[in-house]
Engineer: 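Structure below; questions to follow.
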Protein chains: 2
Amino acid sequence: MNHEDHQEETLHVGSGEFRMTKQRRVVYDVLLDQRDHPTAQEVYSRAKRRMPGISLATVYNCLDTMAQAGVVKQVNVARDATRFCPNLRPHAHFLCARCGEVLDVDLKPAADATLAWAMPDGASVEHLEVAMRGLCPTCASQPAQLV
Amino acid sequence: MNHEDHQEETLHVGSGEFRMTKQRRVVYDVLLDQRDHPTAQEVYSRAKRRMPGISLATVYNCLDTMAQAGVVKQVNVARDATRFCPNLRPHAHFLCARCGEVLDVDLKPAADATLAWAMPDGASVEHLEVAMRGLCPTCASQPAQLV
DNA sequence: ATGAGATCAAGAATTATTCTAAATAAGGAA
DNA sequence: TTCCTTATTTAGAATAATTCTTGATCTCAT
Ligand SMILES: [Mn+2]
Ligand SMILES: [Mn+2]
Ligand SMILES: [Zn+2]
Ligand SMILES: [Zn+2]
C-alpha cells in the first residue's frame with residue numbers, strides 16, 4: 001500500500017496537521033485556482049459552485065484549519081475582511097487603490113524585511129506582515145480617472 | 001490678536017483640516033498622554049474620565065476626523081480592533097505575543113522600507129503598514145511562562 | 001441676535017466572525 | 001462488514017467592532 005492509494009490522507013504541513021476532507025479540498029482548490037486573495041465570503045461563493053451544499057461556517061472552519069496548519073496565509077489589508085492566500089513564500093501585499101486588486105510582492109532574495117527598522121534591543125520577531133497601498137502598474141499607467 | 005487668544009482654532013495639518021472642539025481635544029490628549037495604542041473603546045473609557053458626557057460615537061467620530069486630517073494614525077495589528085497612535089514619524093508596530101504591549105518601531109534614518117521587496121514594475125506605493133509580532137525585550141529576557 | 005452648517009449624542013443597523021448544538025461522516029477495531 | 005469513537009459539517013444564534021441615522025446642540029460669520 002502506497003500513499004497514493006488513499007484519497008483521504010492526513011497532511012502534515014508546517015506546524016500543524018489536518019485531514020484533507022472533501023470540503024477542505026474544495027476550499028483549498030478555490031484558493032489555488034484563482035490567486036486573487038478572496039475573502040471568506042468570496043471563497044464561499046466560489047466553493048458553492050463546486051459543492052453546492054457547503055456552508056459558510058465550514059468555509060470559515062476550513063480556512064481557519066488550514067491557516068493553523070500553515071497551508072494558507074491570512075492576509076490583512078486595510079480595514080476590510082480577512083483575505084486568504086495559498087502563497088507560502090515570504091511576501092507582502094499590495095492593494096491597488098484604484099482597481100482593488102491585491103498583489104503579492106515577493107521578498108527580494110536574501111533580503112531582510114526588518115533591516116529598515118530600528119528594532120528595540122532584545123526583541124525577537126516571529127512574524128511580520130506588510131501591507132502596501134498605491135496604484136498597481138496597470139492603473140498607474142492609465143490616464144486619471146474621470147469618475 | 002495672537003493665536004493663543006482663541007481656544008477654538010481651526011487646525012491645518014497634513015492633508016485635512018478640522019476644528020479642535022472640546023471633545024476632539026480630550027480624545028487627542030488621551031492619545032498624547034498614554035502612548036500605548038489604545039482601541040476606540042479604550043480611548044472612550046479614558047476620555048470619559050475627563051469628560052463624562054462624551055459618547056462612544058463621538059470618540060469614533062473624533063478619531064476618524066483626526067485620522068483623515070493626518071493628526072493620528074490608525075494602527076492595524078493582528079485581527080482585533082483598530083488602535084490609534086499620535087506618533088507621526090514613519091514607524092512600524094510590534095505586538096508582544098506575551099504581554100500584549102504594542103511598541104513603535106522607528107524607520108532607520110534614510111532607510112527605505114520598500115527596499116527589501118520586489119515591487120511590481122511601475123507600481124507606486126502611497127502607504128505602507130508594517131505589523132510585527134514577537135517577544136518584546138522585557139518578555140524575551142524573562143524565563144519561560146509557567147501558566 | 002440669527003441662520004447655516006458643523007458637530008455631538010443615543011441608539012439602531014450592519015458586518016465579519018465566532019460560538020453552539022445537533023447531524024453526519026470517517027477511520028479503526030472486532 | 002458492523003460498531004464505536006471522534007472529527008467534521010451545518011444552520012443558526014451570538015458577539016463585537018464599526019457605521020449609520022436622526023434629532024439636538026453648538027459655532028461662527030453675518
Ligand atoms: Mn498573498
Ligand atoms: Mn504607533
Ligand atoms: Zn489597479
Ligand atoms: Zn512583552
Side-chain angles (χ1 to χ4, degrees), chain A residues 1 3 5-12 16-28 30 37-45 47-48 50-69 71-84 102, chain B residues 1 3 5-12 16-28 30 37-45 47-48 50-69 71-84 102:
Chain A
M1 149 184 172
H3 279 200
D5 283 346
H6 279 297
Q7 178 111 337
E8 314 301 345
E9 182 83 21
T10 300
L11 291 190
H12 304 252
E17 72 179 61
F18 68 102
R19 261 202 309 251
M20 185 54 91
T21 64
K22 293 195 208 63
Q23 287 86 350
R24 287 170 183 165
R25 172 91 264 155
V26 166
V27 166
Y28 188 47
V30 162
H37 303 87
T39 63
Q41 276 289 345
E42 183 59 34
V43 171
Y44 175 52
S45 302
K48 268 198 301 191
R50 306 176 185 204
M51 181 184 274
I54 198 170
S55 77
L56 177 58
T58 295
V59 169
Y60 270 105
N61 288 339
C62 292
L63 290 170
D64 184 62
T65 298
M66 291 191 285
Q68 297 283 118
V71 175
V72 305
K73 285 182 174 179
Q74 294 190 312
V75 176
N76 301 302
V77 53
R79 189 134 318 292
D80 44 329
T82 302
R83 295 161 177 277
F84 295 86
V102 175
Chain B
M1 149 182 171
H3 279 201
D5 284 347
H6 280 296
Q7 179 111 339
E8 315 301 345
E9 181 84 22
T10 299
L11 291 190
H12 304 253
E17 70 179 62
F18 69 101
R19 269 207 296 260
M20 186 53 91
T21 64
K22 293 193 208 67
Q23 288 85 351
R24 287 170 185 167
R25 173 90 261 155
V26 166
V27 165
Y28 189 46
V30 162
H37 302 88
T39 63
Q41 277 288 348
E42 184 57 35
V43 171
Y44 175 52
S45 301
K48 268 197 300 191
R50 307 175 184 205
M51 180 184 273
I54 199 170
S55 76
L56 177 58
T58 295
V59 169
Y60 269 105
N61 287 340
C62 292
L63 290 170
D64 184 63
T65 298
M66 292 190 285
Q68 296 284 117
V71 175
V72 305
K73 285 182 175 179
Q74 294 188 313
V75 176
N76 301 300
V77 53
R79 203 65 250 118
D80 44 329
T82 301
R83 296 161 177 276
F84 296 86
V102 175

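Chain letters run A, B, ... following the sequence lines, proteins first, then strands; residues in each count from 1.
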Engineer: I need the CZ-C1' distance between A:R79 and D:dT19, as an integer number of Å.
Structural biologist: 12 Å
Engineer: Taking atom C1' of D:dT19 as reference, at what distance in whole Å does atom CG of A:D80 sit?
Structural biologist: 15 Å
Engineer: In whole Å, I'd like the distance from the CG atom of B:D64 to the C1' atom of D:dT19.
Structural biologist: 10 Å
Engineer: Taking the side chain as everything from C-beta on, heavy atoms only, tell me whether B:V43 gets closer than 4.5 Å to B:V27.
Structural biologist: yes
Engineer: Any side-chain to backbone donor/acceptor pair from A:H37 onto A:F84? Under 3.5 Å, distance only.
Structural biologist: no
Engineer: Assign a letter to each nucleotide of nucleotides 6-16 of chain D from its 5' end: B, base within under 4.0 Å of a protein heavy atom; S, sugar-phosphate only; -, no contact.
Structural biologist: -SSBBB-----
Engineer: CE of A:M20 versus C1' of C:dG27: gap in Å, rounded?
Structural biologist: 18 Å
Engineer: Starting at CG of B:L63 and ending at P of D:dA17, how long is that distance when rounded to a whole Å?
Structural biologist: 14 Å
Engineer: Run the numbers on B:Q68 and B:F18 for side-chain contact (heavy atoms from CB on, under 4.5 Å), then give the verdict.
Structural biologist: CA-CA 9 Å; B:Q68 296 284 117; B:F18 69 101; over 6 Å; no
Engineer: Between B:I54 and B:Y44, which heavy-atom pair has the shortest distance, and what is it?
Structural biologist: O-CE1, 3.4 Å
Engineer: Return a table of donor-acceptor pairs under 3.5 angstrom between the side chains of residues 56-66 of chain B and protein atoms on other chains or two or more places apart.
Structural biologist:
from	atom 1	to	atom 2	distance (Å)
B:T58	OG1	B:S55	OG	3.0
B:N61	ND2	B:A57	O	3.4
B:T65	OG1	B:N61	O	2.8

Engineer: B:Y60 OH to C:dA12 P: how many Å, rounded?
Structural biologist: 17 Å
Engineer: Which part of the nucleic acid, if any, lies within contact of A:T82, taking any heavy atom under 4.0 Å across all strands shown: a base, the sugar-phosphate backbone alone, or nothing?
Structural biologist: sugar-phosphate
Engineer: Take the protein atom CD of B:Q68 and the nucleotide atom P of D:dT19, then report the distance between them rounded to whole Å.
Structural biologist: 10 Å
Engineer: Using the side-chain hydrogen bond (donor to acceptor under 3.5 Å, both in side chains) criterion, which residues pair with A:R83? Sequence neighbours excluded.
Structural biologist: A:D80
